[in-house]
Amino acid sequence: MKALILAAGLGTRLRPLTDHIPKALIPVNGVTLLERSIRHVAQSGVREILVNVHYFADQVETFLQHIELPDVKIYIQDEREILLDTGGSMRLARDFFGKTGQALVVNADIISTLDFGEMLAFHESNDAAATLDVRLRSSSRQLLFDDKNQLRGWANNKGEFKWVNGPIDTYNQFAFSGIQIIDSAAFDQMPDQFVFSSIDWYLTLAQKHKVLAYQSSSSIWLDVGSAEKLAIAEEIVSKLEQNSER
């Protein structure tokens with residue numbers, strides 16, 4: 001399995017912190033979000049990691065030169081010219097992932113203890129085209145799944161819905177965590193365009209293929225997308241790391 005870490009975002013909700021540095025280089029308890037993501041991915045056995053860059057790309061590239069991980073190769077996907085959205089970035093990485101195997105894609109602005117190996121085992125045992133880590137939490141956007149964990153739709157807090165193969169009466173709704181595993185062959189099903197949302201693609205993919213929900217009740221997941229959430233993450237991570245040192 002190879003991995004793509006999405007680190008190109010503008011981090012507007014973290015301003016003024018991100019006025020001079022990219023969101024991915026914001027430190028949490030002394031360690032940047034990007035380094036945390038890279039080390040977490042590497043711990044799962046991934047040996048090739050691609051990091052996309054856009055906002056303050058030079059800073060990210062310089063930072064990556066100083067990451068030292070034995071037997072792990074880190075590559076850069078240059079998106080300086082235009083923000084491609086999540087789907088566009090994944091599409092650009094098709095050659096990196098190749099035609100076989102699985103692709104792990106992770107947002108750089110989250111902190112998680114999710115076991116990627118267990119998620120991969122679930123993905124493979126269910127012969128899924130894509131597996132999405134989801135959480136039962138409040139969010140302005142929710143993914144809708146049937147009783148077989150198959151993606152069936154999307155909804156937001158404005159009462160808007162997008163359905164896969166028509167609406168269903170009963171569904172389970174979860175918030176997407178920004179972590180996904182995709183079968184490399186599924187990349188051939190991506191739209192022929194540069195900028196698009198991965199969620200819109202998953203909704204299309206789910207019309208004919210398995211796009212499954214994955215829930216890990218024991219893992220920690222933190223969104224560090226705003227100043228308020230950064231403060232919460234600092235407190236939680238500090239306590240976790242202090243306890244691990246005892």
Side-chain angles (χ1 to χ4, degrees), residues 1-11 22-24 33-34 37-38 40-42 44 46-55 57 60-61 64 73-110 112 114 116 119-120 122-124 126-134 141 143 151 154 162 164 175-214 221 223 225:
M1 182 166 68
K2 296 181 180 181
L4 167 65
I5 297 177
L6 298 170
L10 301 178
K23 176 172 58 175
L33 288 166
L34 182 54
S37 291
I38 290 171
H40 184 194
V41 168
S44 69
V46 174
R47 290 296 171 259
E48 293 187 76
I49 300 172
L50 183 65
V51 178
N52 74 332
V53 298
H54 172 80
Y55 187 61
V60 178
E61 289 181 337
L64 290 174
K73 294 181 179 180
I74 300 175
Y75 306 92
I76 293 170
Q77 180 164 286
D78 193 334
E79 300 176 19
R80 281 176 172 85
E81 292 187 2
I82 184 173
L83 273 173
L84 297 176
D85 206 339
T86 52
S89 295
M90 288 158 56
R91 180 181 182 274
L92 189 61
R94 285 184 303 179
D95 289 343
F96 169 74
F97 289 122
K99 294 292 185 180
T100 60
Q102 289 76 36
L104 170 66
V105 182
V106 181
N107 289 357
D109 62 351
I110 61 173
S112 171
L114 179 66
F116 296 137
M119 184 175 176
L120 176 62
F122 173 89
H123 173 82
E124 292 181 325
N126 285 281
D127 194 27
T131 299
L132 314 181
D133 181 60
V134 296
R141 293 165 292 183
L143 294 177
L151 180 64
W154 169 97
K162 296 178 182 178
V164 175
F176 180 44
S177 75
I179 301 170
Q180 55 245 282
I181 293 178
I182 308 148
D183 192 274
S184 293
F187 281 78
D188 290 337
Q189 307 297 319
M190 283 187 161
D192 188 20
Q193 60 191 80
F194 289 105
V195 182
F196 62 95
S197 162
S198 60
I199 296 300
D200 287 342
W201 175 58
Y202 289 137
L203 292 170
T204 300
L205 185 66
Q207 292 176 7
K208 296 181 180 180
H209 302 276
K210 285 185 181 180
V211 178
L212 302 181
Y214 178 78
W221 182 89
D223 172 17

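Just so you know, these numbers come straight off a predicted model, no measurement behind them.
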| query | Hey, is the main chain of Arg80 close enough, under 3.5 Å, to the side chain of Asp78 for a donor-acceptor pair? | reply | yes

| field | Shortest non-hydrogen separation from Ala186 to Ala129 and the atoms involved | value | CB-O, 4.0 Å

| query | Side chains of Leu33 and Ile110: does their closest heavy-atom pair fall under 4.5 Å? | reply | no

| said: Rounded to the nearest 0.5 Å, what separates atom CD1 in Ile181 from atom NE2 in His123? | reply: 6.5 Å

| task | Determine, step by step, whether Leu4 and Met90 satisfy the side chain to side chain contact (heavy atoms under 4.5 Å, CB included) criterion, reporting the C-alpha distance in whole Å, the side-chain angles of both residues, the deciding distance to 0.1 Å, and the verdict. | result | CA-CA 8 Å; Leu4 167 65; Met90 288 158 56; 4.0 Å; yes

| task | Check the surroundings of atom CZ in Phe194: do more than 12 heavy atoms from other residues, nucleotides or ligands lie under 6.0 Å from it? | result | no

| note | Looking only at heavy atoms, the pair that brings Val195 and Gln193 closest together is O-NE2, 3.0 Å

| Option from Gln180, Gln102, Lys210, Met119 for which side-chain contact (heavy atoms from CB on, under 4.5 Å) with Thr131 holds | Met119

| task | Mark yes when over 12 heavy atoms from residues, nucleotides or ligands other than Glu81 sit less than 6.0 Å from its CD; otherwise mark no. | result | no

| said: Apply side chain to side chain contact (heavy atoms under 4.5 Å, CB included) to residues Trp201 and Ile182 and explain how you reach the verdict. | reply: CA-CA 12 Å; Trp201 175 58; Ile182 308 148; 3.9 Å; yes

| task | Among Asp223, Asp133, Asn107, find the one that has a side-chain hydrogen bond (donor to acceptor under 3.5 Å, both in side chains) with Ser177. | result | Asp133

| query | Roughly how far apart are Leu120 CG and Ser44 OG, rounded to 0.5 Å? | reply | 8.5 Å

| request: Can you label the angle between the Phe176 ring and the Tyr202 ring as parallel, tilted or perpendicular, going by 30° and 60°? | output: perpendicular

| task | Decide yes or no for Glu61 and Val51: does some side-chain heavy atom of the first lie under 4.5 Å from some side-chain heavy atom of the second? | result | no

| task | State whether the side chain of Lys2 and the backbone N or O of Phe96 hold a donor-acceptor pair below 3.5 Å, judged by distance alone. | result | yes

| request: Decide yes or no on side chain to side chain contact (heavy atoms under 4.5 Å, CB included) for Arg91 and Leu84, but give the supporting numbers first. | output: CA-CA 9 Å; Arg91 180 181 182 274; Leu84 297 176; over 6 Å; no

| query | Is the shortest heavy-atom distance from the side chain of Asp85 to the side chain of Phe196 under 4.5 Å? | reply | no

| query | Between Thr86 and Ser198, is there a donor-acceptor pair closer than 3.5 Å when you use the side chain of the first and the backbone of the second? | reply | yes

| Enclosure of Arg141 CZ (heavy-atom neighbours >12, cutoff 6.0 Å) | no

| Do Leu64 and Leu34 pass the side chain to side chain contact (heavy atoms under 4.5 Å, CB included) test, and can you show the C-alpha distance, the side-chain angles, and the key distance before you say yes or no? | CA-CA 9 Å; Leu64 290 174; Leu34 182 54; 3.8 Å; yes

| Do any N or O atoms from the side chain of His40 and from the backbone of Leu114 form a donor-acceptor pair under 3.5 angstrom? | yes

| query | Any Lys/Arg nitrogen of Asp188 or Lys99 sitting under 4.0 Å from an Asp/Glu carboxylate oxygen of the other? | reply | yes

